[in-house]
Each structure stands twice: as structure tokens, then as C-alpha cells.
Amino acid sequence: MIVLNNKKTLVIEPKPPYNFNATIFKPSHYPDPLSKYEAGKYWFPMRFKNKVYGIKMESLGTINKPKIKISISYKSNLSKNEMKEIIDELDYRLEFNRDISEFFRRFKNDKVLSPFIEKWYGMHGSCTHDLYGLLMVGVFLQNATVRRTVQMTEAMLKKYGTKVMFDGKEVYEFWKPEKMIKASETDLKALKVGYRTKLFIKLSETFVKEGIDESKLRKMPVEDAKKELMKLYGVGPETARILLHEALHHYDIFEHVSPWQQKIYSKLLFNKKLVPTEKIIEYVNSHWGEWSALATNYIWEDIFWRRKHGENIPWLEKEIRL
DNA sequence: CATCAGGGCCCTG
DNA sequence: CAGGGCCCTGAT
């Protein structure tokens with residue numbers, strides 16, 4: 001367990017429009033102990049350059065005049081340079097300065113998208129984890145229902161993760177891959193992660209021994225990055241999609257739809273029970289081109305938001321089996 | 001009770 | 001390219 005008692009704060013002004021709540025909190029995500037969210041506030045741990053920090057973000061502004069107070073909790077010392085690097089990293093992970101105005105310009109009158117854009121104006125993609133962390137999430141999601149994913153995530157974090165306490169909150173950060181390499185298979189299996197045991201260990205070995213360079217992956221064209229990710233053992237089209245969209249922030253790729261997503265997109269886009277995935281992919285790409293992933297994110301998160309806020313959507317409930 | 005598919009992926013034939 | 005196996009769970 002790590003307790004972080006020191007704190008430095010600064011205020012940043014993201015490029016407008018920046019919708020803090022919609023960017024930070026994605027209702028479609030499964031509940032996890034990796035962060036805490038309240039309207040306008042967000043806490044999460046960040047392992048960065050071999051140290052763990054506690055990040056608190058508070059929205060002080062509006063969508064068109066965004067302003068965020070960032071507090072960095074740390075253990076013993078935090079240099080000016082370190083602080084700058086952390087802010088730069090957050091800038092990438094949360095898209096403080098990414099210009100997505102073209103998306104709004106192009107689609108504000110789009111027949112399908114316009115209501116979603118109106119409702120969620122200024123929403124970006126975001127991911128507080130690094131590539132390795134999100135990869136672990138991706139593995140938890142494989143071949144499992146939500147309840148099982150939640151259970152595996154909690155069990156693994158409790159045993160191998162780092163509990164981080166700061167600002168009166170308690171959250172978990174993922175283990176270092178170095179630690180996972182040394183984990184015993186018997187111990188892992190006891191956490192009921194099944195075949196994923198092998199994946200956790202193999203993937204961690206790859207990260208440590210081959211030194212997967214996240215910064216390099218961030219700069220690659222999307223298809224190249226995809227090719228690299230698919231080389232990872234246990235990473236197929238769906239896990240690669242998650243990493244490309246969320247950790248690497250690619251809006252310009254939409255070429256895989258898993259079976260449960262297929263049912264949901266069929267309903268949302270065609271109001272039909274089951275449309276072939278090729279049709280869905282073709283539809284999305286031809287309408288929204290290089291903004292496909294952001295466009296579908298607006299539609300996707302909206303329905304989950306409505307569900308979370310008490311709207312009864314029977315056909316959706318059927319697909320989100322807990 | 002047994003069987004089976006799942007918010008996939010790998011390997012084999 | 002199709003199909004079986006992997007782990008566990010809840011649905012049938």
C-alpha cells in the first residue's frame with residue numbers, strides 16, 4: 001500500500017469544447033476500483049516512470065471555457081520537471097488539447113449524429129491507464145460476462161495491484177509487469193482467471209523483455225499500430241480495437257464489431273435485431289469516415305448513460321447480462 | 001443432473 | 001478458413 005501525503009496543484013485550460021464529465025466518465029465501462037468519480041471530480045492513480053502518483057482532477061470551468069484543477073499527490077518529492085512530464089502525459093491520456101472541432105463542424109447537422117452531438121458536445125475519448133494497464137483490462141473482458149470481469153479485476157488487483165491512498169480516497173493501480181512475471185501460476189489460477197493466467201504472464205514477459213515502447217506506438221499510423229498490437233500473445237481483433245480506440249486514441253478505425261456489440265449497433269443504427277457486422281462496419285465508415293470511432297462512441301455511451309440514469313431499455317438489458 | 005455459449009484467441013488440420 | 005480447446009459461470 002502506498003500513502004501519498006504531499007500535494008502540488010495547478011490549473012489548466014483545455015482546448016474548448018471540452019466536456020469534462022463525458023470525457024472522464026464512460027458509463028459503458030464496468031465498475032472497477034481503479035478510479036473514483038463524482039460529477040466534476042475524478043481521482044485515479046498513475047504509475048509513471050517507475051513512481052506512483054495520485055491524480056485528482058476537478059472541473060472548474062464549462063464546456064466552452066474549460067478549466068481543470070489538477071492535484072498531484074506524491075510520496076516525498078516532486079520536481080518541476082517531473083510535474084511537467086506528468087501534465088504532458090495527462091494531456092495525452094485525457095486529450096486536453098486535441099482539436100476535435102472538425103468533428104462538430106462536419107456532423108452537427110448529421111441526421112443520425114446531431115442529437116448525440118448536441119447532448120454530449122465536447123466529449124473526447126480518454127483513458128487514464130497506460131497501454132499495459134488497458135491491456136490487462138482487455139484480457140479481463142475476454143470471453144466473460146460483466147460479473148466475471150468485475151470479479152477477476154478485483155481479485156487480481158487485491159493480490160497483485162498497488163493500493164494507493166491520497167486525498168482521502170483509496171484506489172488501485174495495476175501491478176508492474178515485472179511483478180506479474182514472478183507470480184506463480186497456481187496462485188493466479190486460484191483467482192479464477194482461467195486461461196488468462198498464461199496471458200498475464202506471457203504479456204508481462206513481452207513488456208519487460210521486449211520493452212514495448214508505448215510512445216512509439218502512439219506515433220504510428222493506425223494500421224501499423226494494429227499490426228504491432230496483434231503480435232502480442234492473446235491480443236486479437238477485439239482487444240486490439242480496445243487498445244487502439246482507448247489507449248492510443250485512434251478515431252479513424254472501425255473495422256471490428258464483436259457479437260454483443262453487433263446486437264446493440266443493429267438496434268441503434270438500423271432498429272433491427274441483427275444486421276451483419278460487415279453492413280454495420282460499412283455504414284459507420286461511409287457516414288463518419290476518419291471520425292468513425294468517436295462518432296460511435298457518442299452513440300454508444302449515450303445509451304449506457306440513459307440506462308445508468310434509470311431509463312428502462314429492455315432489449316439492452318438482455319445484452320448486458322450481469 | 002448435463003450441456004453450452006459467452007463483452008476472444010490460439011492452434012491445428 | 002473451420003473448428004476445437006481453454007477457464008469459469010450462469011442459463012437452460
Side-chain angles (χ1 to χ4, degrees), chain A residues 26-32 34 125 127 129 131-160 180 183-207 212 225-247 253-269 273-278 280-281 284 293 296-297 299-308 313-322:
Chain A
K26 303 295 182 189
S28 77
H29 289 186
Y30 71 88
D32 64 53
L34 296 159
C127 178
H129 310 299
L131 186 69
Y132 178 80
L134 189 64
L135 176 55
M136 297 300 109
V137 172
V139 172
F140 289 133
L141 288 167
Q142 288 179 6
N143 215 39
T145 50
V146 179
R147 175 173 293 152
R148 186 149 145 66
T149 296
V150 168
Q151 196 253 337
M152 288 188 286
T153 306
E154 284 172 357
M156 288 286 287
L157 285 170
K158 222 167 162 186
K159 185 154 173 69
Y160 299 101
M180 188 49 57
S184 98
E185 289 200 27
T186 328
D187 287 355
L188 281 166
K189 289 229 164 105
L191 301 180
K192 302 183 175 182
V193 296
Y195 75 90
R196 297 171 192 79
T197 294
K198 197 165 79 176
L199 301 198
F200 289 129
I201 294 175
K202 270 199 159 190
L203 286 167
S204 299
E205 279 172 356
T206 305
F207 266 73
I212 300 295
K226 182 177 180 183
K227 230 185 263 168
E228 286 304 308
L229 292 171
M230 298 268 288
K231 283 186 198 159
L232 297 169
Y233 186 84
V235 174
E238 175 59 10
T239 308
R241 181 199 66 77
I242 294 170
L243 296 172
L244 289 170
H245 283 175
E246 299 190 22
I253 185 168
F254 190 91
E255 50 188 36
H256 184 262
V257 175
S258 72
W260 74 287
Q261 295 159 359
Q262 180 188 6
K263 293 172 199 157
I264 294 176
Y265 282 127
S266 296
K267 186 76 183 174
L268 290 177
L269 299 175
K273 224 169 161 167
L274 203 62
V275 175
T277 55
E278 308 82 61
I280 295 172
I281 291 164
V284 167
T296 44
N297 194 246
I299 298 171
W300 188 262
E301 293 303 332
D302 178 73
I303 192 86
F304 281 87
W305 187 88
R306 283 158 53 192
R307 170 180 182 266
K308 195 166 206 99
I313 311 167
W315 63 266
L316 183 63
E317 290 310 315
K318 232 178 72 218
E319 303 312 335
I320 312 175
R321 299 177 333 286
L322 302 172

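Convention: sequence-line order gives letters A, B, ...; per-chain numbering from 1.
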Between the protein and nucleotides 6-8 of chain C, are there any N/O to N/O pairs under 3.5 Å, and if so, what are the atom names and distances?
from	atom 1	to	atom 2	distance (Å)
dC7(C)	O4'	Tyr195(A)	N	3.1
dC7(C)	O2	Arg148(A)	NH2	2.5
dC7(C)	N4	Asn143(A)	ND2	3.0
dC8(C)	O4'	Arg148(A)	NH2	3.3
dC8(C)	O2	Arg148(A)	NE	3.4

In terms of relative ring orientation, are Tyr265(A) and Phe254(A) parallel, tilted or perpendicular, with 30° and 60° separating the classes? perpendicular

Whether Thr145(A) contacts dG10(C) is assessed here as follows: a side-chain N or O lying under 4.0 Å from the phosphate OP1 or OP2. Is that the case? no

Rounded distance in Å between the P positions of dC1(C) and dG6(B): 22 Å

Look at all strands and tell whether Val235(A) reaches a base, only sugar-phosphate, or nothing, counting heavy atoms closer than 4.0 Å. sugar-phosphate

With DNA chain B as reference, determine whether Lys263(A) or Gly236(A) sits nearer its 5' end, using the nearest nucleotide of each. Lys263(A)

Select base, sugar-phosphate, or nothing to describe what Leu232(A) touches, counting heavy atoms under 4.0 Å on all strands. sugar-phosphate

I need the CZ-C1' distance between Phe140(A) and dG8(B), as an integer number of Å. 15 Å

Decide, yes or no, whether a salt bridge links Arg307(A) with Glu317(A) under the criterion of side-chain N to carboxylate O below 4.0 Å. yes

A side-chain contact here means heavy atoms from C-beta on lying under 4.5 Å apart; do Arg241(A) and Gln261(A) qualify? yes

Between Leu243(A) (CG) and dG8(B) (P), how many Å, whole number? 14 Å

How far does NZ of Lys26(A) sit from CH2 of Trp300(A), to the nearest 0.5 angstrom? 13.5 Å

Take the protein atom CE of Met152(A) and the nucleotide atom C1' of dG6(B), then report the distance between them rounded to whole Å. 11 Å

Rounded distance (nearest 0.5 Å) linking atom CG of Leu229(A) with atom NZ of Lys227(A): 12.5 Å

Length of the line joining Gln262(A):CD and dG6(B):C1', which is rounded to integer Å: 14 Å

Is Thr149(A) touching bases, backbone alone, or none of the nucleic acid, heavy atoms closer than 4.0 Å? nothing

When the C1' atoms of dA5(B) and dC9(B) are considered, how many whole Å apart are they? 15 Å

Any side-chain heavy atom of Glu246(A) within less than 4.5 Å of one from His29(A)? yes

Which ring pair (Phe, Tyr, Trp, His ring centres under 6.0 Å) pairs, counting each pair once, include a residue from residues 135-159 of chain A, with sequence neighbours left out? Phe140(A)-Phe200(A)

Residue matched to dC9(B) through Watson-Crick or wobble contacts both under 3.5 angstrom: dG5(C)

Please state the C1' separation for the pair dT9(C) and dC10(B) - nearest whole angstrom. 22 Å

Taking any heavy-atom pair under 4.0 Å as a contact, classify Tyr233(A): base, sugar-phosphate, or nothing. sugar-phosphate

